[in-house]
Amino acid sequence: MPPSHASTADSKPSGSSGGVQSLERAFDLLERMADAGGEVGLSELSASSGLPLPTIHRLMRTLVVCGYVRQQPNRRYALGPRLIRLGESASRLLGTWARPYLSRLVEETGETANMALLDGDEIVYVAQVPSKHSMRMFTEVGRRVLPHSTGVGKALLAHTPADEVRALLARTGMPAATEKTITTPEGFLDALEQVRRAGYAVDDNEQEIGVRCLAVSVPNSPTSAAISISGPAGRVTEAATERIVPILQQVAGELSEALASSGTNGG
């Protein structure tokens with residue numbers, strides 16, 4: 001996923017008031033820290049942002065006092081624990097914003113629609129609109145699963161470098177949820193290559209016997225997100241896949257645009 005920050009110090013409008021500019025710069029630094037893995041030194045921030053060290057030091061000191069950044073014993077700066085509460089609330093809201101789009105998926109496909117995020121090494125389901133057909137399935141809001149056995153996991157990791165995928169799998173292990181679960185790193189990397197070629201991911205009885213899932217990532221989402229439909233293997237057939245995938249891709253694109261525009265309204 002491309003870095004989330006949209007501008008650098010030199011692109012700030014010259015007419016911005018000092019307070020607004022400081023706020024923009026502070027958020028820009030937080031996003032740069034996240035892009036760098038959550039921990040950076042002042043010189044790294046200065047090099048990437050173009051801001052002078054004294055300005056960065058002043059902003060970071062304020063963020064430390066507020067609890068959004070903490071200074072490590074090695075003098076580097078790390079994202080602070082107070083951001084966790086904001087992130088959790090934002091994740092819940094992301095699921096709320098997605099519900100109308102998931103409802104459309106249910107109407108147009110007849111199957112249960114889900115939204116999931118990559119949270120650390122796990123997949124967490126943040127929204128679901130159930131199919132009108134009565135069938136209880138494994139997926140439900142709040143459930144956490146490992147990525148290797150899910151369609152959304154494949155969709156979310158498809159463009160992650162292979163060494164990072166291997167490291168994640170080494171941390172989580174690859175337990176078999178069913179006899180069809182992929183349980184080797186090579187097998188999973190092959191599946192990710194298929195996702196890149198096809199433009200969508202499939203969970204074919206890999207998380208739950210009798211259930212197939214089709215998933216796509218949400219382009220340019222503020223956090224790694226994917227949407228999916230899941231239903232009985234007897235309904236989510238190869239023929240149904242050809243009909244459903246374009247709908248999934250269209251809805252993902254529209255959701256992406258809605259999330260992007262929600263960040264630019266105001267003024």
Side-chain angles (χ1 to χ4, degrees), residues 1-6 27 31 34-35 86-120 122-133 137-145 147 150-160 192 194-203 207 211-231 236 240-267:
M1 206 170 163
S4 48
H5 47 264
F27 279 119
E31 292 189 359
D35 291 338
L86 298 182
E88 289 173 345
S89 298
S91 294
R92 285 194 296 271
L93 281 173
L94 193 60
T96 302
W97 293 330
R99 279 189 65 83
Y101 297 88
L102 299 184
S103 295
R104 247 188 65 210
L105 277 177
V106 174
E107 287 169 19
E108 296 190 28
T109 69
E111 306 300 343
T112 295
N114 313 284
M115 183 181 196
L117 308 180
L118 185 61
D119 183 20
E122 295 179 316
I123 300 297
V124 58
Y125 290 94
V126 295
Q128 183 181 82
V129 176
S131 162
K132 294 173 177 60
H133 303 288
M137 282 181 289
F138 172 85
T139 53
E140 60 185 27
V141 173
R143 185 179 288 276
R144 290 176 171 270
V145 295
T150 63
V152 285
K154 293 174 190 171
L156 287 168
L157 291 175
H159 295 284
T160 302
L192 296 187
Q194 292 174 25
V195 176
R196 289 192 291 274
R197 282 201 306 265
Y200 67 94
V202 181
D203 156 14
Q207 180 61 246
V211 174
R212 288 187 90 230
C213 169
L214 307 172
V216 298
S217 61
V218 179
N220 303 313
S221 173
T223 187
S224 294
I227 58 173
S228 68
I229 64 92
S230 47
V236 186
T241 297
E242 291 181 18
R243 177 180 65 85
I244 290 171
V245 167
I247 299 171
L248 262 175
Q249 292 170 331
Q250 181 181 356
V251 171
E254 292 174 7
L255 176 56
S256 171
E257 289 177 15
L259 292 174
S261 66
S262 70
T264 56
N265 295 338

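In what follows, residues are counted from 1 in the order of the sequence shown.
Going from atom CD of Glu108 over to atom CD1 of Ile229 covers 12.5 Å, rounded to the nearest 0.5 Å. Atoms CG and OG1, on Leu118 and Thr223 in that order, are 7.5 Å from each other to the nearest 0.5 Å. Interatomic distance, OG of Ser230 versus CG of Asp203, reported as 8.5 Å (0.5 Å rounding). Put simply, OG1 on Thr109 and CD1 on Ile244 are 5.0 Å apart, with the number rounded to the nearest 0.5 Å. Atom CG of residue Leu214 and atom OG1 of residue Thr241 lie 4.5 Å apart, to the nearest 0.5 angstrom.
Met115 and Ala225 get closest at one heavy-atom pair: CE-CB, 3.7 Å. Considering every non-hydrogen atom in both Val106 and Pro130, the closest pair reads CG1-O, 3.8 Å. Scanning both residues, Val216 and Ala252, for their nearest heavy atoms gives CG2-CB, 3.7 Å. A pairwise comparison of heavy atoms in Ala155 and Val195 identifies CA-CG1, 4.4 Å as the closest pair. When every heavy atom of Ala201 is checked against every heavy atom of Gly151, the shortest pair comes out as CB-O, 3.3 Å.
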Inset, instruction - Verify side chain to side chain donor-acceptor pair (under 3.5 Å) between Asn114 and Ser228, making sure each step is shown before the conclusion. - result: CA-CA 5 Å; Asn114 313 284; Ser228 68; 3.1 Å; yes
Inset, instruction - Take Cys213 and Thr150 through the side chain to side chain contact (heavy atoms under 4.5 Å, CB included) test and state the conclusion after the steps. - result: CA-CA 8 Å; Cys213 169; Thr150 63; over 6 Å; no
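Residue pairs meeting the salt bridge (charged side-chain N to carboxylate O under 4.0 Å, His left out) criterion with at least one partner in residues 213-227, sequence neighbours excluded, do not occur; the list is empty. Sorted by first then second residue, the salt bridge (charged side-chain N to carboxylate O under 4.0 Å, His left out) pairs that include residues 244-255, not counting sequence neighbours, are Arg104-Glu254.
Contact annotation: the side chain of Val145 approaches that of Tyr125 to within less than 4.5 Å [non-hydrogen atoms, C-beta and beyond]. Thr112 is not listed as a side-chain neighbour of Val129, based on a closest heavy-atom distance of 4.5 Å or more. Considering only heavy atoms from C-beta on, Gln128 stays 4.5 Å or farther from Leu102 through its side chain.
Without hydrogens or angle criteria, Arg196 side chain to Ala158 main chain gives a donor-acceptor distance under 3.5 Å. No donor-acceptor distance shorter than 3.5 angstrom exists from the side chain of Ser217 to the backbone of Leu156, with no hydrogens or angles considered. Counting only distance, with no hydrogens or angles, the side chain of Gln249 and the backbone of Gly199 share a donor-acceptor pair below 3.5 Å. In this structure, the side chain of Ser103 engages the main chain of Arg99 through a donor-acceptor pair within 3.5 Å. The main-chain N or O of Val124 is never found under 3.5 Å from a side-chain atom of Arg143 such that the two would form a donor-acceptor pair. A donor-acceptor contact shorter than 3.5 Å links the side chain of Lys154 to the backbone of Val202.
Listed by chain and residue number, Arg144 satisfy the salt bridge (Lys or Arg N to Asp or Glu O under 4.0 Å) test with Glu122 (two or more places apart in sequence, or in another chain).
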